[in-house]
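Report on the following structure.
Residue numbers start at 1 and run along the sequence shown.
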Amino acid sequence: MIAFAMRASAAYAHGVVGDYVFLEPLITQDPAPANELDILAPSWVRSSDGNSYSIASSVEKVLWIDDNYMPRFSIGGGSGWQHQSPFHGPNADGFDALTMFAKWAFFYSQKHEFLTSIGAQIQLPTGNTGIQPSSHTSLGPTFLWEKGMGDLPDWPVLKYLRPLGIQTDFGYVPALGGPTSHHMFAVAVIEYSLPYLSNNVQDIGLKWPLRNMFLFNEFNYDQFITGPSGQTFPTILATPGLAYVSYHFEVALGTQFALNNAAKPGTHAAILGLFDIFYDSFFPKWGNWTINRGPGE
């Protein structure tokens, strides 16, 4: 069985809401505050103009938990390195902008496997010119929520929908100076948890590693709205993939497909990956440290 049947004080920071363990998506931001280190997030994208390779990393730390050992507030940040290889012209590489965020889970229901949070995201232009999207600081709000379907009736056929989960985020992050550049994005992931199927619905005899797998598909909307009256066209993508989730880490792999004409030139082919460490499972004392409770057990 997947090793999530741990005591609450040791396992609270791994995206658990009720009986549902939510995965860490490739693009969508997880609504639940967590102690996680995305140690490696590689990607390769082939566009009509060339190839782009990147390696990103980020870290998140829970700072406040409630009496039920539910994470309520976290902070984090990350950046990445990019190499652009156009079909015509010189190559370019360097670091991207530094992104930092804070996240507050203001409401959750364990019974209904539901959690919603709000946050703030700031992007600092500390990277290389030509690689980072803007040369000015950007700041804006984010809204996130997730829902497991475990409260569906335990009826024949219908019960097999209970392992479904949904995670979404929406953000509006305008530039604070220079030419106006408002970044707006909305991302949703639909996932199917084989661990939840085996442990909470019906054990159909899945063995490792299938018993720890998630199937998912992300839908990604991204748009830069530039200037007081003009705007760029939105890009809409689908990002299907597979994820292996254990108590200590997650490994995920996916690809991308364009869903509108504006996205087709930029996404002829793509491979995305993620290696996510739940560091509090290795170092529970300092990994689970919070402002209101001190070191973990």
Side-chain angles (χ1 to χ4, degrees), residues 13-15 22 24-43 54-65 71-82 93-106 115-146 167-187 189 218 220-225 250 272 274-280 283 286-292:
H14 302 156
F22 290 91
E24 177 73 10
L26 290 174
I27 299 173
T28 310
Q29 186 178 164
D30 185 358
N35 292 321
E36 295 180 345
L37 173 61
D38 293 347
I39 193 169
L40 188 65
S43 73
S54 67
I55 299 176
S57 62
S58 64
V59 64
E60 182 177 357
K61 179 72 185 79
V62 174
L63 295 181
W64 194 275
I65 61 173
R72 302 301 294 270
F73 180 76
S74 67
I75 60 172
S79 185
W81 180 87
Q82 225 183 115
D93 54 54
F95 285 94
D96 205 343
L98 174 65
T99 298
M100 298 186 294
F101 64 87
K103 188 192 307 178
W104 172 45
F106 64 90
L115 180 144
T116 185
S117 58
I118 57 173
Q121 179 175 302
I122 183 170
Q123 192 172 66
L124 303 175
T126 58
N128 292 26
T129 303
I131 297 295
Q132 60 189 12
S134 174
S135 58
H136 298 276
T137 299
S138 299
L139 173 65
T142 56
F143 177 77
L144 316 94
W145 64 270
E146 59 191 4
Q167 301 181 67
T168 71
D169 70 59
F170 170 81
Y172 182 72
V173 186
L176 299 182
T180 307
S181 179
H182 305 294
H183 184 203
M184 186 163 59
F185 56 90
V187 191
V189 56
E218 299 188 49
N220 318 116
Y221 159 86
D222 194 275
Q223 184 173 12
F224 278 96
I225 303 173
E250 173 188 333
L272 291 79
L274 175 67
F275 181 38
D276 185 17
I277 297 291
F278 310 137
Y279 59 80
D280 58 358
F283 310 102
W286 66 263
N288 285 322
W289 178 91
T290 61
I291 293 174
N292 61 322

Tell me, please, which residues at least two apart from [X] pass ring pair (Phe, Tyr, Trp, His ring centres under 6.0 Å).
X    : result
F185 : H183
Y221 : none
F283 : W286

Q. Are T28 and E218 linked by a side-chain donor-acceptor pair shorter than 3.5 Å?
A. yes
Indicate, with yes or no, if the rings of F224 and H182 have centres closer together than 6.0 Å.
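Judged by ring-centre distance (under 6.0 Å), F224 and H182 do not meet the cut-off.
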Next on the checklist: Main chain of T290, side chain of K61: is a donor-acceptor contact present, judged purely on distance under 3.5 Å?
Outcome noted: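 Absent.
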Q) Looking at residues at least two apart in the chain, or sitting in another chain, which of them share a side chain to side chain contact (heavy atoms under 4.5 Å, CB included) with T116? A)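 Applying side chain to side chain contact (heavy atoms under 4.5 Å, CB included) to T116 gives F106, F107, F114, F143, W145.
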Side chain to side chain contact (heavy atoms under 4.5 Å, CB included) filter on L139, not counting sequence neighbours, yields I122, L176
Please name all residues satisfying side-chain hydrogen bond (donor to acceptor under 3.5 Å, both in side chains) with [X], sequence neighbours left out, ordered by chain then number.
X    : value
S117 : none
S79  : none
Q29  : none

With sequence neighbours left out, the residues meeting salt bridge (charged side-chain N to carboxylate O under 4.0 Å, His left out) with E60 are K103
So the salt bridge (charged side-chain N to carboxylate O under 4.0 Å, His left out) pairs with at least one residue in residues 71-82 (sequence neighbours excluded) are D66-R72
